[in-house]
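Please read these numbers as outputs of a predicted model, since none were measured by experiment. Below, read A as the first sequence line, B as the second, and so on, with proteins coming before strands; counting in each chain starts at 1.
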Amino acid sequence: MPHQYTPLEKIRLEKIHRLRELGLEPYPNRAQRTHTTAEAKSALETAEAAGDAAAPQVTVAGRLRAMRPMGKITFAHIEDESGRLQLFFQANTLGKERLKQFNKLFDLGDFIQASGFLFRTRTGEITVHVQDFRMLAKAITPLPPAKDEIVDGKVVRHAVLADPETRYRQRYADLAVNPEVRDIFRTRAHIVRALRQFLDERGFLEVETPVLQPIYGGAAARPFVTYHNQLKQKLYLRISFELYLKRLLVGMFEKVYEIGRDFRNEGISFKHNPEFTQLEFYWAYADYLQVMALVEEMLAFVADQVLGRRTLTWQGHEIDLTPPWRRVELRQGVREATGIDIAQHPDAASLAAAMKAQGIEPKAGAPRGKLIDQLVSDFLEPTFIQPTFLYDYPRDISPLAKAKPDDPQTVERFEGFIGGMELCNAFTELNDPLDQEARFLEMGRTYAADDEERHPIDEDYLRAMRYGMPPTGGFGMGIDRLTMLFTDKRSIREVILFPHLRERGDAEPPASEPQQP
RNA sequence: GGGCGCGUAGCGCAACGGUAGAGCAGUGGCCUUUUAAGCCAUUGGUUGCAGGUUCGAAUCCUGUCGCGCCCA
């Protein structure tokens, strides 16, 4: 269905028509910007500092964000990515007709260009005395008006776009009127840059592995399924990179990492988006304790780079990322929190009975590992506000981790928590192909055929393991959640540019449905 | 998946059973140092959608769609 223009939009369409009648192209191909608004301001400050008599001449460009026509003069503000700048339009300089064109045919939200000399107004604000101006791109739809008022030095925003649904569905409008939202994504980029720098400096090689995989694995999650028409082959969008990155260790790379998108066909919540960004690295000849030390160093480095300090405030909590982080052994942590010693309960039935005895309702039909997972999620995770490593996990929820030499029921694995949120997961990688095969088979028996976390066996991965993989420490971390911590956001949707929402009735249906397997 | 809440003009909101409103934005006018500029006038609504109760529904009820929060 074609767009129905609103009355406000129709007025602007009419203005486009009038601009063209006047020979003023509302969508010219090129701009002539000489200075960003920030550069223009510093140009004047530099000239003033040098005692320069001549005012700097600039051409600036940006979105019109405020207009104050006052008879024979008009004040306006434009905004570009570097900030805002005031423009001064005067009938004496431009002529009455040109001023009227600006007042009548230019609207808030339009991209414009203005040329002139810089000066300071009576109040001292750096301003362009406009000698020429032109439309760069006419906005037909009015942006939600966001007026800022400075009260006691604080910016008070009036009537800003705040509805979360509109903000996520029309992120472009959100970004256009809410500069602090743009800052979130600058921080996010900075975090990723710092992670790359840290790993690159330590000899890690950045690689790219398949997103489309014939067999999914490496995590406990349901995949998205797609289909290659010509190969007549079912493919899965990856749920993790793990099995491919470890194949690279077989291939003699010793330190590899990948930053990319994982896809999990699961519920959407304030901390889950169906596609999310993950960092995984694998480090040959290292174990999970070395990985632990590297990780706390890495996050302290990121904090230094991004925040310039090692503490951050998240949802009212002062969080200190300075190493070393608190370390909690899982068995001991569970025992202290619940009074249950999981080592005394080697099977699900026994553990479930112990939980009931403590007044905890065990998840029906869950295997032992999932019951332990339940205890961790309910009793430990929420208490891990300061950075905490929880280590030594039960074997049966960790099919890719290596058992402890003295305790075959427990694997060398840790998870990192901050702000009560799981942030990362790591282990000494299982590199014994026979044990790995046994684990896969074990998973197949333990999990019901319809369990979403039951995985098909990746025979090619086992083949790779049989060629030999060195002892290795591996690591995975959610970049989205890390960004939430660094930007003090409670919802993952605030740190993803275009989060997934349920389809609205007004969406255009695709020309043809994608082919289904 | 369950519970609670929200959906009113482009935006942020009011009206909570009795004529749908004010502000900002818009439109017309006045205004040569403003900055939520000001002043005068003015346009704009199938109150998410579909039913029901009622003399009368934005308001109460049911369903539905979307979003948010809490829980699983």
>> A cation-pi test, strictly: NZ or CZ of A:R490 under 6.0 Å from the centre of the six-membered ring of A:F270 and no more than 45 degrees from its axis. Yes or no?
In response: yes
> Nearest of B:C67, B:C70, B:U35 to any side-chain atom of A:R490?
Replying inline: B:C70
> Taking the same atom, C1', in B:G38 and in B:C24, what whole-Å distance lies between them?
Replying inline: 15 Å
>> So if I take every side-chain heavy atom of A:L8 and compare against B:C67, B:A25, B:A37, which nucleotide ends up nearest?
In response: B:A25
> Among the nucleotides B:C67, B:A37, B:C11, which one has an atom lying closest to any side-chain atom of A:L161?
Replying inline: B:C11
> How are the rings of A:F102 and A:F89 set to each other: parallel, tilted or perpendicular (split at 30° and 60°)?
Replying inline: parallel
> Does the side chain of A:R122 get closer than 4.0 angstrom to OP1 or OP2 of B:U32 through an N or O atom?
Replying inline: no
>> So, applying side-chain hydrogen bond (donor to acceptor under 3.5 Å, both in side chains) with A:R188, which one of A:T487, A:T277, A:D183 is it?
In response: A:T277
> Which of the following nucleotides, B:A25, B:U34, B:C67, is nearest to the side chain of A:T121?
Replying inline: B:U34
>> Taking the minimum atom-to-atom distance to the side chain of A:A162, which one of B:C70, B:G12, B:G28 wins?
In response: B:G12
>> Taking any heavy-atom pair under 4.0 Å as a contact, classify A:E9: base, sugar-phosphate, or nothing.
In response: nothing
> Counting only side-chain N and O atoms of A:K104, is one of them less than 4.0 Å from OP1 or OP2 of B:G29?
Replying inline: yes
>> Suppose we define a pair by two distances each less than 3.5 Å, Watson-Crick or G-U wobble; what does B:A57 pair with here?
In response: none
> Salt bridge or not for A:K138 and A:D107, using N-O below 4.0 Å?
Replying inline: yes
> Where do A:T36 and A:E81 land on the side-chain contact (heavy atoms from CB on, under 4.5 Å) test, with the steps shown first?
Replying inline: CA-CA 8 Å; A:T36 67; A:E81 204 183 336; over 6 Å; no
> With rounding to whole Å, what would you report as the distance between B:C16 and B:C11 at their C1' atoms?
Replying inline: 23 Å
> Looking at B:U33, does its base get a donor-acceptor pair with the side chain of A:E125 below 3.5 Å?
Replying inline: no
> Is A:R502 near enough to B:C65 that one of its side-chain N or O atoms lies under 4.0 angstrom from OP1 or OP2?
Replying inline: no
>> By the 4.0 Å heavy-atom rule, please label A:K363 as base, sugar-phosphate, or nothing.
In response: nothing
>> Using heavy-atom distances to pick each residue's nearest nucleotide on RNA chain B, tell me which of A:D163 and A:R169 is more 5'.
In response: A:D163
>> Using whole Å, what does the distance between atom C1' of nucleotide B:U32 and atom CE of A:M67 come to?
In response: 16 Å
> How far, in whole Å, is B:G3 from B:U46 if one measures between their C1' atoms?
Replying inline: 32 Å
> Does B:A14 have a Watson-Crick or wobble partner in any strand here, with both distances under 3.5 angstrom, and which is it?
Replying inline: none
>> How would you summarise protein contacts on nucleotides 39-46 of chain B per nucleotide, using B for base, S for sugar-phosphate only and - for none, with heavy-atom distances below 4.0 Å?
In response: --------
> Using purine N1 to pyrimidine N3 plus N6-O4 or O6-N4 for Watson-Crick, or N1-O2 and O6-N3 for G-U wobble, each under 3.5 Å, what pairs with B:G38?
Replying inline: B:C30
> So, do A:R264 and A:S240 sit near enough that their side-chain heavy atoms are less than 4.5 Å apart?
Replying inline: yes
>> Could you tell me how far B:G1 sits from B:A14 if I compare only their P atoms? Round to whole Å.
In response: 32 Å
>> When both hydrogen-bonding distances must be under 3.5 Å and the geometry is Watson-Crick or G-U wobble, what is B:C6 paired with, if anything?
In response: B:G66
>> On RNA chain B, does the nearest nucleotide to A:G124 precede the nearest nucleotide to A:F270 from the 5' side, or the other way round? Give the residue.
In response: A:G124
> Considering only the P atoms, how many Å lie between B:G18 and B:A57, rounded to the nearest integer?
Replying inline: 11 Å
>> So if I take every side-chain heavy atom of A:T123 and compare against B:U34, B:U32, B:U33, which nucleotide ends up nearest?
In response: B:U34
> Distance check: side-chain N/O of A:K10 vs OP1/OP2 of B:U27, anything under 4.0 Å?
Replying inline: no
>> Check the phosphate of B:A37 against A:R68, side-chain N and O only, distance under 4.0 Å to OP1 or OP2. Yes or no?
In response: yes
